[in-house]
Protein chains: 2
Amino acid sequence: MRPYTQVLDRLRTAGLRPTRQRLALAKLLFENGDRHITAEQLHTEALGATIRVSLATVYNTLHQFTTAGLLREIVVDAGRSYFDTNTTAHHHFFYEDSGCLADIDDEALAITHMPIAPEGSVIKQVDVVVRLARA
Amino acid sequence: MRPYTQVLDRLRTAGLRPTRQRLALAKLLFENGDRHITAEQLHTEALGATIRVSLATVYNTLHQFTTAGLLREIVVDAGRSYFDTNTTAHHHFFYEDSGCLADIDDEALAITHMPIAPEGSVIKQVDVVVRLARA
DNA sequence: GACTAATTCTATACTAAGTCAAAAAGTGAA
DNA sequence: TTCACTTTTTGACTTAGTATAGAATTAGTC
């Protein structure tokens, strides 16, 4: 099995053209366990791994992957976007001091009453953020 | 009763020096029903009401009010902060098309099972955002 | 392999939201 | 009124993200 086979399949399945940059970024994102990462972090990581890619391309790629269902955007900080490789429905702890995110176990939190969407709108997603401070 | 009596009391109670700017912004914020507002919106509104105040002061004031417990910051958009005059525990609908926020009735949404805070941290707040798209 | 249409990337300028800091202005107590 | 302390102002600056023209790349056809 060649090194890029899995991410190649993944991009093709998602209907995305498998460019050099997309393949390399997909490898960083999807072959290192579940991750929560910002565009800046991913860009730095790519450069550190001698992947030549512009910051604009990192942003474009993250947004394309999100639109294609490979990533999910997480909004916990008014100053930047986080992207989550785990796209299943789940919620997050957010450590405000460090800017780190962690998944909350499914059984640890549940919403028992869902509100009805107001007239003329549909519910896209329900996000729960448990904000943490250092004890 | 003078026009600024209520907000004057409110600032004094909160331990904040009642400067001209703080009084005027407090009046806009707290005497128009529950509001969700960004710094830019408040600044525009203040200027429209011939309140001379700098944008830096609007930001400073919103942050001071939040720290003093008069406002609550709501993070639903990675590009800007919203401030909520209703500081009780409650959750929000966020209309992604328009950038508008609306409170969710208490009984309409319930969470069973609060997660335990991870080692070394405390839960500051639990935020639920129901993201809406146009139908 | 050559050609080519369409897509994507790059580099850099730009935007929007928010912050910084020195000087000026204002508050409140004595 | 004075004065110590706080707050505001102004305009420069920072940060995260976006725009865009030209270059580079992908992928299908022959």
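What you see is a predicted model, and the numbers here were worked out from it, not measured in a lab. Each chain gets a letter, A, B and so on, in the order the sequences are listed, and its residues count up from 1.
B:D9 has no carboxylate O lying under 4.0 Å from a charged side-chain N of B:R12, or vice versa, which leaves the two without a salt bridge. Salt-bridge annotation for B:R131 and A:D127: present, with a side-chain N of the basic residue lying under 4.0 Å from a carboxylate O of the acidic one.
In the displayed structure, B:Q6 atom CD is contacted under 6.0 Å by at most 12 heavy atoms of other residues, nucleotides or ligands. The number of heavy-atom neighbours closer than 6.0 Å to CD of A:Q125, taken from other residues, nucleotides and ligands shown, is above 12.
Between B:R22 and D:dT7 there is a side-chain polar atom (N or O) within less than 4.0 angstrom of OP1 or OP2. Under 4.0 angstrom from either OP1 or OP2 of D:dT10 there lies at least one side-chain N or O belonging to B:R52. Contact annotation: A:R80 side-chain N/O to D:dT15 OP1/OP2 distance is not under 4.0 Å. Close to D:dT25, at under 4.0 Å from its OP1 or OP2, lies no side-chain N or O of A:Q21. Neither OP1 nor OP2 of D:dT18 sits under 4.0 Å from any side-chain N or O of A:Y59.
Atom pair A:L55:CG and D:dT18:P shows a separation of 10 Å (rounding to whole Å applied). B:L47 places its CG atom 11 Å from the P atom of D:dT10, with the value rounded to the nearest Å. Between B:L25 atom CG and D:dT7 atom C1' the separation is 13 Å, expressed in whole Å. One can place NE2 of B:H43 at 13 Å from C1' of D:dG11, the figure rounded to the nearest angstrom. If you measure from atom CD of B:E40 to atom P of C:dT15, you get 15 Å, rounded to the nearest angstrom. Here C:dT7 presents its C1' atom at 12 Å from CG of A:L16, a figure rounded to the nearest Å. Nucleotide D:dT18 holds its C1' atom 14 Å from the CD atom of A:Q64, rounded to whole Å. Rounding to whole angstrom units, CG of residue B:L11 and P of C:dG26 are separated by 18 Å.
Grouped with B:V129 in one hydrophobic cluster are B:I74, B:V76, B:Y82, B:F94, B:L101, the linkage being side-chain heavy-atom contacts under 4.5 Å among Ile, Leu, Val, Met, Phe, Trp and Tyr residues.
A:L29 and A:L55 sit in two unconnected hydrophobic clusters of ILVMFWY residues. Membership requires side-chain heavy atoms under 4.5 Å apart, directly or through other members.
If A:A39 and A:N60 are placed on DNA chain D by their nearest nucleotide, the residue sitting closer to the 5' end is A:A39. With DNA chain C read from its 5' end, the first of the two nearest nucleotides for B:R20 and B:Y82 is the one closest to B:Y82.
Counting non-hydrogen atoms under 4.0 angstrom, A:S81 reaches the backbone sugars and phosphates but no base. B:R17 comes within contact range of at least one nucleobase, with a heavy-atom separation under 4.0 Å. Residue contacts for A:T19: at a heavy-atom cut-off of 4.0 Å it reaches the sugar-phosphate backbone alone, with no base atom in range. Backbone-only contact: B:H63 has heavy atoms under 4.0 Å from sugar-phosphate atoms and none from a base.
When each of D:dT8, C:dT12, C:dC9 is scored by its nearest atom to the side-chain atoms of A:T57, the top-ranked nucleotide is C:dC9. Nearest nucleotide to the A:A56 side chain, out of D:dA16, D:dT10, C:dA11: C:dA11.
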